[in-house]
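What you see below is based on every heavy atom in this structure, not just the backbone, and it leaves out hydrogens, waters and symmetry mates.
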Amino acid sequence: MTPRIEVVGIDCLMLRLFDEIDEAHMPWLLAATRRLREAFGPALVDLVPSYTTLLVHYDLTQLNDDQARERVSQALNELRPDSGGQARELEIPVWYDTRVGPELEALGQRSGLGVAGVIERHSARPYQVFALGFAPGFAFMGLVDECLASPRLQTPRKQVPAGSLGIADRQTAIYPLVSPGGWNLIGRSPTRLFDRELDGYSIWQPGDRVRFQPIDHAEFIRLGGDDTPFEVMP
């Protein structure tokens, strides 16, 4: 692994560690994140991991560009992948239903699996949290089975209900808040994903592994879910 360093601001460096998305890269990204936090210490303003990169935002009053690059070099010297011992396993309940997942039936037809098959296939494997972004608590996860991969909608919706579970290409995610979005929606979760009292305001962090647990309508309501049909959302 030979990371490339790109300048993206007067106080920001982008470390490009890989060129393609792969679950096998996450242990390296987690190890680099930990080492960079240690190397920069109080001079670190923010560190944002993504699928293949790490954005390092540092304090210009404490470090100049050369000093920041030197700390990056120190942090990545003889880097070894993280063992994964700190990763959490999370189970998120989901009500998969066409009333709240308008693309569920079409995805079942396109894949040849039918609605029940899509639910079974999507919930059968754990997903890696690669990155957080777009909105507080929005986790980009993957990789979904190739037969479920779906391009984003040509015209994004102006309003997607909170808790909506969607697929875009081979990624899957839940919208934590009401927001615009163009992902293919297949269900809804009652779980609260954004919480100001949590570290990072999110129930999950990069490196976590997530499994979706199908639940029925009664359980969804018992857990506090909003079953307002998608087509009549305000």
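Just one of His25, Glu23, Arg209 meets the side-chain hydrogen bond (donor to acceptor under 3.5 Å, both in side chains) condition when paired with Gln128; it is Arg209. Of the residues Ile92, Val94, Leu223, Ile221, the one that meets the side-chain contact (heavy atoms from CB on, under 4.5 Å) test with Ile215 is Leu223.
Contact of the Leu30 side chain with the Met26 side chain is registered, since non-hydrogen atoms from C-beta on lie closer than 4.5 Å. Contact of the Pro93 side chain with the Thr191 side chain is registered, since non-hydrogen atoms from C-beta on lie closer than 4.5 Å. The side-chain heavy atoms of Tyr58 and Val45, taken from C-beta on, include no pair separated by under 4.5 Å. Side-chain contact between Phe212 and Met141 is present, with heavy atoms from C-beta onward closer than 4.5 Å. With contacts defined as side-chain heavy-atom distances shorter than 4.5 Å, the pair Thr53/Phe18 does not qualify. Side-chain contact between Gln205 and Val129 is absent, with no heavy atoms from C-beta onward closer than 4.5 Å. Looking only at side-chain heavy atoms (C-beta outward), Trp95 and Asp216 stay at 4.5 Å or farther from each other. Side-chain contact check for Thr172 versus Leu165: some heavy-atom pair is nearer than 4.5 Å.
A 6.0 Å sphere centred on CD of Glu6 holds more than 12 heavy atoms belonging to other residues, nucleotides or ligands.
Arg211 contributes no side-chain N or O that, together with a main-chain N or O of Leu90, makes up a donor-acceptor pair within less than 3.5 Å. Looking only at distances, no side-chain donor or acceptor of Arg157 sits under 3.5 Å from a matching main-chain atom of Gly182. When atom types are taken as modelled, the side chain of Arg188 and the backbone of Thr228 share a donor-acceptor pair closer than 3.5 angstrom. Between the side chain of Arg4 and the backbone N or O of Arg16 there is no donor-acceptor pair closer than 3.5 Å. The backbone N or O of Asn77 lies less than 3.5 Å from a partner atom in the side chain of Arg35, making a donor-acceptor pair. In this structure, Asn184 contributes its side chain and Pro151 its backbone to a donor-acceptor pair below 3.5 Å. When atom types are taken as modelled, the side chain of Tyr127 and the backbone of His122 share a donor-acceptor pair closer than 3.5 angstrom. A donor-acceptor distance shorter than 3.5 angstrom exists from the side chain of Glu103 to the backbone of Leu185, with no hydrogens or angles considered. Ser202 places a side-chain N or O within donor-acceptor distance of the main-chain N or O of Trp204, the cut-off being under 3.5 Å. Formation of a donor-acceptor pair under 3.5 Å by the Gln67 side chain with backbone atoms of Asn64 is found in this model.
Two rings, from Phe134 and Trp183, have their centers 6.0 Å or more apart.
Taking all atoms of both residues into account, the shortest heavy-atom contact from Asp169 to Arg152 is OD2-NH1, 3.2 Å. Considering every non-hydrogen atom in both Leu13 and Ala68, the closest pair reads CD1-CB, 4.1 Å. Closest of all the heavy-atom pairs between Arg71 and Ala43 is NH1-CB, 4.3 Å. In terms of heavy-atom proximity, Ser50 sits nearest to Ala131 at CA-CB, 3.8 Å.
Follow the hydrophobic side-chain contacts under 4.5 Å out from Leu17 and you reach Ile5 in the same cluster. By the rule that hydrophobic residues join a cluster once side-chain heavy atoms approach within less than 4.5 Å of another member, Ile167 and Leu153 end up as members of separate clusters. A continuous path of Ile, Leu, Val, Met, Phe, Trp and Tyr side chains, each step under 4.5 Å between heavy atoms, connects Val7 with Leu36, placing both in one hydrophobic cluster.
From Leu148, atom CG reaches atom CD1 of Ile119 across 11.0 Å, with rounding to the nearest 0.5 Å. Taking CZ of Arg69 as the start and CG of Leu15 as the end, the distance is 9.5 Å to the nearest 0.5 Å. Taking CD of Gln62 as the reference point, atom CG of Leu44 lies at 10.0 Å (rounded to 0.5 Å).
In this model, no donor atom of one side chain and acceptor atom of the other lie less than 3.5 Å apart for Ser111 and Arg121. Side chain to side chain, Asp227 and His217 meet the donor-acceptor criterion of an N or O pair below 3.5 Å.
Hydrophobic side-chain contacts under 4.5 Å tie Val48 into a cluster, directly or through other members, with Val8, Met14, Leu55.
Applying the salt bridge (charged side-chain N to carboxylate O under 4.0 Å, His left out) test to every pair with at least one member in residues 131-143, sequence neighbours left out, gives no pairs at all.
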